[in-house]
Each structure stands twice: as C-alpha cells, then as structure tokens.
Visitor: 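First the structure, then my questions, so here it is.
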Amino acid sequence: MSNLEKTIAKAFLEMAEGLETGSFGPKPRIALTGMGSEHGEENAMAAAVAAAHRGVDVRYIGTLEAEGVTTVHVGNEDEGHKKMEQMVETGEVDGAVTMHFPFPIGVSTVGRVVTPAKGKEMFIATSTGTASADRIEGMIKNAVYGIITAKACGVQNPTVGILNVDGARQTEMALNQLQQNGYAFRWAESARSDGGAVLRGNDVLQGTPDVLVCDSLTGNVLVKMLSAYTTGGSFESAGYGYGPGIGPGYDKLVLIVSRASGAPLVANALEFAAQLVRGKVFAIAAQEFAAAEKAGLSKILADRKSAAKPAGEEEVKAPPAEPCTASIPGIEVMDLEDAAKALWKAGIYAETGMGCTGPLVMMSEANHAKAQEILKAAGYIG
C-alpha cells in the first residue's frame with residue numbers, strides 16, 4: 001500500500017471512529033497508571049479498553065496488554081508513576097489519570113459526580129489538593145476552578161452554589177463582590193423553600209448547581225460517597241473521580257482517581273480527561289483567571305485578610321434582655337459571638353442560635369433593621 005493510500009485509509013478510519021464516538025479529529029492521548037489499585041491491574045485495564053472504545057487513545061502504564069490499548073511496560077508502581085510524569089512533562093501524552101500526584105499549593109482538583117436524585121452531573125470544587133492554606137480564600141478560588149472545568153466540559157454558563165460549611169457566607173460575600181466587579185457567573189438557587197446560593201444536603205443529592213463550592217476535604221468525602229453509595233464503599237462505581245488539578249499558570253493535565261475506584265469510574269475519568277483536552281481547558285483557565293483578576297480577585301482576597309473585626313478584646317456587657325422575635329442568618333459560626341457583641345456594643349440586646357439554615361443572631365423585631373445595618377457595616381453579613 002502506498003503512502004497516499006495509507007493516509008486515505010487512516011482518514012476514513014478516523015471518520016468512522018468519529019461517527020461511532022461523536023468525536024472528530026485526533027484522539028486525545030491519555031496515560032493511565034494501572035498498578036496500585038485495590039481491585040488489581042485487571043480493573044484498570046478493563047477501564048482502558050472501555051475508554052478506548054469511546055475514542056480515547058489510552059496509553060496503559062503497567063504489565064497487561066489488550067487490543068486497542070497501547071501498553072507502556074513497567075516493573076512496579078513507582079516506576080509506572082515516574083513514567084507517567086515523564087510522559088506528561090514531555091508531551092508524549094495530552095494528559096494522565098492516576099491514583100496520586102503531588103500538586104503544589106494553589107492547585108486543587110475539581111471532581112465530577114452523577115447525583116442520585118435526578119442523575120444530574122455536578123462538579124465538586126474541589127476534591128484533592130488545596131487552592132490556599134487559608135480555608136476561605138481556598139473556597140473563593142475553588143469557585144473559579146470549578147467554573148473553568150465545567151466550561152471546558154461544554155457547560156457554557158455554569159451555575160455556582162456553595163455548600164453550607166464553615167466559611168460559606170464569607171465565600172458568598174467575596175464572590176458577590178467579584179460578580180459585581182464584572183466577573184460573570186450565575187448563582188444557583190437552593191431547591192429548599194428558602195432558596196439562596198448556600199446549599200444543603202438535599203441540593204447535593206439533587207445536583208442543584210453545576211458547580212458545588214466547598215473545601216477540598218469536604219469535597220473529597222462527597223466524591224467518595226456519591227461514587228460508592230451503592231456498593232458499601234469499597235468500590236467506586238459511579239461518576240468521573242476527583243478530576244483535574246487546576247490553578248493559576250498550571251498546565252499539566254493530571255486527573256485523580258482513588259485506589260478504590262472501579263473500572264466504570266476509571267473509564268469515565270479517562271473520557272473526562274479527553275473531554276478537557278478537546279475543550280482546551282488550559283486556554284479557558286487563562287481566560288477565567290484573567291477575568292477574575294480584572295474583577296479584583298487579588299484585592300478582594302487581600303482585603304478579606306486585613307479586615308479587622310470589631311468587639312475583639314474589650315469587655316462588652318449585654319444590654320437588658322428582651323424578647324428576640326427576629327433573626328439574621330448568614331453569619332459564620334466562628335463569628336457568631338463577636339457579631340452578637342457588636343450589637344450589644346450598639347445597645348441592642350441579641351442572642352445567638354442555630355436554625356435549620358445555619359447560625360443566627362436574634363434580636364427584637366424593633367431592632368432588626370438597625371442590627372442588619374450594624375452587622376453589614378462590620379462585615380459579618382453581605
């Protein structure tokens with residue numbers, strides 16, 4: 001067969017595969033480290049074969065071979081991991097799926113799950129690594145990381161919600177500032193009757209937002225639970241794993257699965273990686289980070305750190321008690337006592353409590369509007 005005939009044959013083969021898989025153009029080359037899984041190498045190879053049938057050029061790093069998959073032979077897990085890093089660094093592959101990777105501070109992974117109530121996909125921002133040593137700063141950055149990943153996967157205008165964990169309200173206030181300054185994104189609305197962008201367990205199960213913002217330790221637990229809730233926990237069967245490492249200036253496409261991840265999930269992770277390659281994830285990342293910075297992200301983060309809270313060390317006594325029939329939600333639990341003291345200092349009697357939506361400061365109906373003004377000026381609410 002002549003070179004021309006080989007070229008034509010290859011073109012027709014790629015067209016046929018494109019019609020079968022729905023993806024045209026060169027196949028993304030994705031490496032998979034197969035050794036170290038709790039389910040054995042056979043589990044990883046089964047995932048590689050499944051992903052190859054979906055249009056991924058899988059480079060399997062291990063000891064097994066299978067039709068349709070290119071094997072890079074290594075002798076052990078450590079050797080395989082080093083080989084994977086080398087292939088990513090040199091551009092021999094477009095990305096990789098592996099069970100562990102040392103991401104630097106500032107880079108964190110965005111997981112992808114299928115929620116059980118409605119079968120909806122949701123991005124968990126984030127699930128491993130850490131965007132910042134400061135918890136709330138990390139969550140603010142995680143929102144941008146999640147938006148980047150969702151957009152690279154074809155979600156053009158993703159909705160964003162924040163899990164109701166410590167730091168949620170401060171994260172919401174910072175993101176509102178970012179949005180008001182011109183960084184475009186849409187807030188999700190809780191499925192619960194009181195609405196809002198701070199979400200609870202019901203919203204996680206239903207997949208209310210496209211991007212769910214939380215700290216990475218909580219995100220890790222969520223991915224594990226939503227991946228293995230039907231199997232008793234030992235076999236992660238659903239979803240796409242813990243996702244790609246995202247961070248400013250970071251350009252190595254490495255996605256994380258766990259040692260408990262089963263073949264169906266690992267195959268999805270390989271396809272996830274291929275989708276990010278086709279979606280030009282790092283070009284989108286550069287655009288989103290530039291847009292966030294233009295909207296004042298660095299200044300918002302710096303201002304949040306330097307903001308001094310009132311009623312710190314001085315002794316403040318409560319005014320005479322009165323019935324507390326009104327309440328103000330949206331205050332961080334760690335700030336609750338200081339918020340109440342800020343009202344005491346202004347002559348308003350206040351008590352603290354915990355409602356079904358989180359922490360509350362309670363006061364009389366007559367003092368409600370004034371209390372809101374005081375707490376907003378002090379930075380406790382948005």
Side-chain angles (χ1 to χ4, degrees), residues 28-85 87-88 93 95-103 109-116 119 121-124 126-129 216-217 219-245 253-276:
R29 302 161 301 169
I30 308 299
L32 172 65
T33 56
M35 306 175 84
S37 168
E38 293 175 3
H39 307 302
E41 262 199 273
E42 292 78 9
N43 176 77
M45 180 53 87
V49 171
H53 288 157
R54 301 180 202 170
V56 184
D57 182 355
V58 183
R59 310 296 173 90
Y60 178 81
I61 302 173
T63 65
L64 304 180
E65 296 185 357
E67 186 176 349
V69 175
T70 301
T71 295
V72 178
H73 288 276
V74 294
N76 55 57
E77 184 181 351
D78 287 341
E79 185 183 339
H81 206 261
K82 289 176 183 175
K83 184 63 178 177
M84 182 271 292
E85 290 190 48
M87 293 171 76
V88 171
V93 292
V97 173
T98 189
M99 286 167 277
H100 59 91
F101 191 77
F103 293 109
T109 63
V110 178
R112 186 177 175 186
V113 297
V114 178
T115 57
E121 289 189 3
M122 183 171 67
F123 294 88
I124 306 290
T126 59
S127 58
T128 66
S216 61
L217 290 176
N220 190 277
V221 172
L222 289 178
V223 173
K224 288 183 184 299
M225 292 185 68
L226 292 170
S227 299
Y229 69 95
T230 62
T231 69
S234 62
F235 187 94
E236 294 176 359
S237 62
Y240 297 77
Y242 304 82
L253 184 59
V254 179
L255 286 79
I256 302 299
V257 292
S258 87
R259 296 180 185 277
S261 296
L265 184 147
V266 177
N268 286 347
L270 288 163
E271 191 174 15
F272 187 8
Q275 194 172 11
L276 292 168

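Since the structure is predicted, the reported quantities are computational estimates derived from the model, not experimental observations.
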Visitor: I'd like to know if the side chain of Arg112 and the backbone of Glu121 have a donor-acceptor N/O pair within less than 3.5 Å.
Guide: no
Visitor: Could you tell me whether the side chain of His39 and the main chain of Ser234 form a donor-acceptor pair under 3.5 Å?
Guide: yes
Visitor: Nearest heavy-atom pair of Pro244 and Leu276: which atoms, and what distance?
Guide: CG-CD1, 3.6 Å
Visitor: Rounded to the nearest 0.5 Å, how far apart are CG of Leu32 and CG of Leu255?
Guide: 11.0 Å
Visitor: In chain order, what residues pass the salt bridge (charged side-chain N to carboxylate O under 4.0 Å, His left out) check against Glu79, with sequence neighbours excluded?
Guide: none
Visitor: For residues 221-230, which side-chain donor-acceptor pairs fall under 3.5 Å, sequence neighbours excluded?
Guide:
residue: Lys224; atom: NZ; partner: Tyr242; partner atom: OH; Å: 3.3
residue: Ser227; atom: OG; partner: Val223; partner atom: O; Å: 2.6
residue: Ser227; atom: OG; partner: Ala238; partner atom: O; Å: 3.3

Visitor: Using the side chain to side chain contact (heavy atoms under 4.5 Å, CB included) criterion, which residues pair with Ser216? Sequence neighbours excluded.
Guide: Ser108, Thr126
Visitor: Quick one, Asn268 and Val114 - any side-chain contact, counting heavy atoms below 4.5 Å?
Guide: no
Visitor: Is there any salt bridge (charged side-chain N to carboxylate O under 4.0 Å, His left out) pair reaching into residues 30-45, and which pairs are they, with sequence neighbours excluded?
Guide: none
Visitor: Looking at CE of Met35 and CE of Met99, how far apart are the two atoms once the value is rounded to the nearest 0.5 Å?
Guide: 9.5 Å
Visitor: Can you sort out the partners of Ser37 under side chain to side chain donor-acceptor pair (under 3.5 Å), two or more places apart, ordered by chain and number?
Guide: none
Visitor: What residues, two or more places apart in sequence or in another chain, satisfy side chain to side chain contact (heavy atoms under 4.5 Å, CB included) together with Ala50?
Guide: Arg54, Ala267
Visitor: Any side-chain heavy-atom pair from Val88 and Val93 closer than 4.5 angstrom?
Guide: yes
Visitor: Which heavy atom of Val58 sits nearest a heavy atom of Ala51, and at what distance?
Guide: CG2-CB, 4.0 Å
Visitor: Can you give me the closest heavy-atom contact between Ala47 and Leu270, atom names plus distance?
Guide: O-CD1, 3.9 Å
Visitor: Looking only at side-chain N and O atoms, does His81 offer a donor or acceptor that is under 3.5 Å from a partner on Glu85?
Guide: yes
Visitor: With sequence neighbours excluded, what pairs up with Asp78 under the side chain to side chain contact (heavy atoms under 4.5 Å, CB included) test?
Guide: Asn76
Visitor: In Å and rounded to the nearest 0.5 Å, what is the OG1 to CG distance from Thr128 to Leu217?
Guide: 10.0 Å
Visitor: Using a 4.5 Å cut-off on heavy atoms from C-beta on, say whether the side chain of Val254 contacts that of Phe103.
Guide: yes
Visitor: Measuring from atom CZ of Phe272 to atom CG of Leu253, what distance do you get when rounded to the nearest 0.5 angstrom?
Guide: 9.0 Å
Visitor: If a pair satisfies ring pair (Phe, Tyr, Trp, His ring centres under 6.0 Å) and one of its residues is in residues 55-77, list it, with sequence neighbours excluded.
Guide: none
Visitor: Check whether any side-chain heavy atom of Val257 sits under 4.5 Å from a side-chain heavy atom of Glu236, and report yes or no.
Guide: no
Visitor: Where do Ala31 and Ile61 come nearest, in terms of heavy atoms and distance?
Guide: CB-CD1, 4.0 Å
Visitor: Return each pair, listed once, that meets salt bridge (charged side-chain N to carboxylate O under 4.0 Å, His left out) where at least one residue sits in residues 59-71; pairs must be two or more places apart or across chains.
Guide: Asp57-Arg59
Visitor: For a quick test of reading the model, state the closest non-hydrogen atom pair linking Val72 to Lys83 and the distance between them.
Guide: CG1-CE, 3.7 Å
Visitor: Where do Thr71 and Leu64 come nearest, in terms of heavy atoms and distance?
Guide: OG1-O, 2.7 Å
Visitor: Taking only residues two or more places apart in sequence or in another chain, which ones pass side chain to side chain contact (heavy atoms under 4.5 Å, CB included) with Pro264?
Guide: Phe235
